[in-house]
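Following: one structure in structure tokens, then a few remarks.
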Amino acid sequence: MKCRVCFAPIHPFMTFGKMPIANAFLEPADIRVEYFYELAPAVCEKCGMFQLMEQPDPKRMFHDNYAFYTGTSKGMDKHFSDWAHSLPVKGKSVVEIGCNDGTFLKHLERNGAITIGVEPSANVAKVAKQNGHIINRFFNGIVVEELRAQIVDADYILAANVVCHIPNINDFAGNVARLLADDGKFIFEEPYLNDMLRKTAFDQIYDEHVFMFNASTVQYAFGQHGLKLIDCEPQPTHGGSMRYTLAHKGHPSLRAAATIESEIESSRGGPYAAFYARCENKRDKLHQVFNQIQPWKTVAGYGATSKSTTVLNYCGLGIQHVNYICDTTPGKQGKLSPGAHIPIRPHSDFVKSYPDYAILFAWNHAKEIMAKEKFPGKWITYVPEVGVS
Ligand code: DWN
Ligand code: ZN
């Protein structure tokens with residue numbers, strides 16, 4: 001297997017074993033045809049890119065029935081509103097790649113931008129269409145030519161939690177460089193590799209996240225296509241993210257240079273063997289927690305997140321540990337979780353008859369959830385450490 005960025009040979013530093021598609025919530029009748037692949041991350045020794053050895057075909061993940069809607073979190077809606085209002089986009093042409101249900105586009109439009117969204121998943125694109133002009137396709141060279149015919153080139157190209165999902169990063173970077181105006185900016189944010197390592201948030205590793213970026217690898221990957229990293233700014237979203245700004249010309253800001261410096265420092269000695277050991281340790285600790293409370297207690301999962309698919313399947317947790325998972329997304333309710341086959345129930349079931357324990361799968365939304373829930377039971381958490389409180 002070769003690095004997707006620089007084509008040097010890569011080798012996995014650990015394996016999570018066979019995994020189902022993280023967002024493939026299924027009907028009981030579909031269990032016998034459930035798809036599995038080997039989830040194993042690798043880090044390229046030449047360019048440093050953290051990536052999956054194997055990623056399922058993108059059409060298996062992003063289709064007419066994509067399970068995740070950005071607008072399900074009030075916190076994320078506010079995040080996108082703040083971001084839109086921080087950008088001088090009035091009268092500017094803005095392309096959002098992977099616009100999902102149009103949450104960010106709506107705020108950009110309100111701020112006076114002339115927007116076009118590109119989104120491959122038809123169900124979420126349909127919701128986004130209520131807010132503006134959407135191209136319901138994967139972002140690729142053909143779409144770029146269509147966009148160039150419409151707007152010539154883009155003043156801003158934006159993406160949130162999308163770029164790390166796209167396997168052909170060289171093709172992608174070339175397309176962005178072609179679409180971006182000479183003085184335009186490409187700004188995107190993604191979960192930050194170094195936060196994931198620091199918090200042992202191994203649940204960020206699943207099929208959709210073919211890469212986990214940091215400033216150094218973003219600089220390398222996009223630099224090959226003439227795009228310069230000019231800034232990066234940490235974000236609290238998704239458990240610790242980084243917002244990267246790139247342009248055709250320019251030099252890293254002081255904070256971007258400092259971030260790269262700190263990444264070089266923290267990668268000395270190779271942090272991945274220790275990360276792997278911490279993942280195994282976390283798995284054991286979660287089992288210790290469940291061994292003490294099961295089979296006597298009721299346990300609900302809170303949030304049928306993509307991340308929970310890695311936790312449940314890697315840790316070998318099933319319905320005997322977590323009896324059901326509550327989630328506000330109608331399309332997930334009534335289905336079974338991928339691989340572990342735990343029933344997904346509406347949030348109202350959680351409130352109607354509180355379980356003894358709730359395991360916080362949507363830990364990245366903890367602030368929002370803790371502010372609204374009056375749960376009388378105990379929370380089981382596992383990021384950054386396993387705990388019961
Ligand atoms: O990168 C990605 C991010 C942006 O979103 C995608 N690959 C897929 C997805 O990842 P995720 O599923 O891990 O995202 P979330 O935002 O952690 O998912 C939260 C889930 O929890 C949603 O299904 C909605 C649900 N939820 C809930 O039931 N009650 C969320 C909140 C805030 C709540 O109060
Ligand atoms: Zn490489």
Side-chain angles (χ1 to χ4, degrees), residues 1-11 21-25 42-51 55 58 61-62 66-80 98-101 103-104 121 124 159-166 169-170 188-191 196 201 203-213 216-217 220-221 224 235 237-239 241 300-311 324-333 335 337-338 344-351 358 360-373 375 383:
M1 171 79 199
K2 294 214 162 61
C3 170
R4 292 176 177 82
V5 179
C6 74
F7 307 112
I10 52 168
H11 308 282
I21 303 275
N23 266 312
F25 296 90
V43 175
C44 175
E45 282 182 18
K46 188 173 164 217
C47 73
M49 186 62 86
F50 185 109
Q51 58 200 287
Q55 191 196 32
M61 300 181 282
F62 311 108
Y66 184 58
F68 176 76
Y69 288 72
T70 306
T72 46
S73 155
K74 285 205 172 68
M76 289 310 292
D77 186 60
K78 173 155 187 341
H79 173 77
F80 286 116
C99 65
N100 194 271
D101 59 9
T103 300
F104 191 16
S121 302
V124 288
N161 307 303
V162 169
V163 182
C164 76
H165 297 57
I166 300 173
I169 191 165
N170 287 314
F188 70 97
E189 58 183 41
E190 306 288 328
M196 185 204 72
D203 54 347
Q204 288 290 5
I205 303 172
Y206 55 90
D207 50 355
E208 294 180 18
H209 292 178
V210 65
F211 299 111
M212 285 294 289
F213 296 127
S216 314
T217 53
Y220 185 101
Q224 295 194 126
Q235 302 296 320
T237 45
H238 289 290
S241 296
Y302 196 103
T305 59
S306 324
K307 298 181 290 293
S308 68
T309 296
T310 297
V311 177
Y324 71 93
I325 304 174
C326 70
D327 197 287
T328 51
T329 316
K332 294 182 185 178
Q333 295 162 3
K335 295 200 174 149
S337 73
I344 315 299
R345 291 178 19 193
H347 175 260
S348 52
D349 283 16
F350 177 74
V351 184
L360 187 59
F361 289 136
W363 56 268
N364 44 310
H365 301 294
K367 212 169 138 197
E368 177 178 342
I369 292 165
M370 295 307 152
K372 69 184 175 189
E373 290 297 348
F375 175 49
V383 181

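In this chain, residues are counted from 1 in sequence order. Whatever order the structure lists them in is the order used to number ligands and atoms, beginning at 1.
- Taking 4.0 Å as the cut-off, Tyr66 counts as a neighbour of ligand 1 on heavy-atom distance.
- With distances taken over non-hydrogen atoms, the option nearest atom 13 (O) of ligand 1 out of Lys332, Met61, Lys307 is Lys307.
- Here the two rings, on Phe50 and Phe211, have centers that are 6.0 Å apart or farther.
- Per-residue contacts place Gly303 under 4.0 angstrom from the following atoms of ligand 1 (heavy atoms of the residue considered): 21 (O).
- Asp327 OD2, 3.2 Å is the protein heavy atom nearest to atom 25 (C) of ligand 1.
- Residue-ligand proximity, Asn364 to ligand 1, at heavy-atom distances under 4.0 Å covers atoms 15 (P), 16 (O), 17 (O).
- At a heavy-atom cutoff of 4.0 Å, ligand 1 is contacted by the side chain of Thr329 but not by its backbone.
- Within ligand 1, counting atoms from 1 as listed, the ones closer than 4.0 Å to a heavy atom of Glu368 are 32 (C).
- Among all non-hydrogen protein atoms, the one lying nearest atom 27 (C) of ligand 1 is Thr328 OG1, 3.4 Å.
- Heavy-atom contacts of Ile369 reach the following atoms of ligand 1: 34 (O) (cutoff under 4.0 Å).
- Between the side chains of Asn23 and Glu208, at least one donor N or O lies within less than 3.5 Å of an accepting N or O.
- Ligand 1 places these atoms under 4.0 Å from at least one heavy atom of His165: 1 (O), 2 (C), 6 (C), 7 (N).
- When non-hydrogen atoms are compared, ligand 1 lies under 4.0 Å from neither the backbone nor the side chain of Phe25.
- The aromatic rings of His165 and His209 sit perpendicular, their planes meeting at an angle over 60°, well past the 30° parallel limit.
- In terms of protein heavy atoms, atom 19 (C) of ligand 1 is closest to Thr305 CG2, 3.6 Å.
- Neither the backbone nor the side chain of Thr70 has any atom closer than 4.0 Å to an atom of ligand 1 (non-hydrogen atoms only).
- Atoms of ligand 1 found under 4.0 Å from any heavy atom of Asn161 (numbered from 1 in listed order, with element): 1 (O), 4 (C).
- Looking from atom 2 (C) of ligand 1 to the surrounding protein, the closest heavy atom is Tyr206 OH, 3.7 Å.
- Under the 4.0 angstrom criterion for non-hydrogen atoms, Glu190 is not in contact with ligand 1.
- Between Phe361 and Asn364, the shortest heavy-atom distance links the atoms O-OD1, 4.4 Å.
- The nearest heavy-atom contact from the protein to atom 10 (O) of ligand 1 is Ser306 OG, 3.1 Å.
- When atom types are taken as modelled, the side chain of Lys2 and the backbone of Ile10 share no donor-acceptor pair closer than 3.5 angstrom.
- Checking His365, Lys372, Glu373, Gln204 against atom 34 (O) of ligand 1, the nearest heavy atom belongs to Lys372.
- Here the angle centred on the Zn ion (ligand 2), running from SG of Cys44 over to SG of Cys3, is 110°, rounded to 10°.
- Ser241 places a side-chain N or O within donor-acceptor distance of the main-chain N or O of Thr237, the cut-off being under 3.5 Å.
- Aromatic ring centres of Tyr324 and Phe350 lie farther apart than the 6.0 Å criterion allows.
- Side-chain contact check for Glu368 and Ser73: at least one donor-acceptor pair (N or O, by modelled atom type) lies under 3.5 Å.
- Applying the 6.0 Å contact sphere to NZ of Lys372 captures more than 12 heavy atoms from other residues, nucleotides or ligands.
- For atom 1 (O) of ligand 1, the nearest protein heavy atom (residue, atom name, distance) is His209 NE2, 3.2 Å.
- In terms of protein heavy-atom proximity, atom 14 (O) of ligand 1 is closest to Phe68 CE1, 3.5 Å.
- Aromatic ring orientation, Phe62 versus Tyr66: tilted (interplanar angle from 30° to 60°).
- Using modelled atom types, no side-chain atom of Gln224 and backbone atom of Asn170 make a donor-acceptor pair closer than 3.5 Å.
- Minimum heavy-atom separation, Thr305 to Ala362: CG2-CA, 3.7 Å.
- Looking only at protein heavy atoms, the nearest one to atom 3 (C) of ligand 1 is His238 CE1, 3.7 Å.
- Although no hydrogens or angles enter the test, the distance criterion places a donor-acceptor pair under 3.5 Å between the side chain of Glu190 and the main chain of Val163.
- The main-chain N or O of Gly331 is never found under 3.5 Å from a side-chain atom of Thr329 such that the two would form a donor-acceptor pair.
- At least one heavy atom of Glu208 sits closer than 4.0 Å to an atom of ligand 1.
- Each of the following atoms of ligand 1 lies closer than 4.0 Å to a heavy atom of Thr72: 24 (C).
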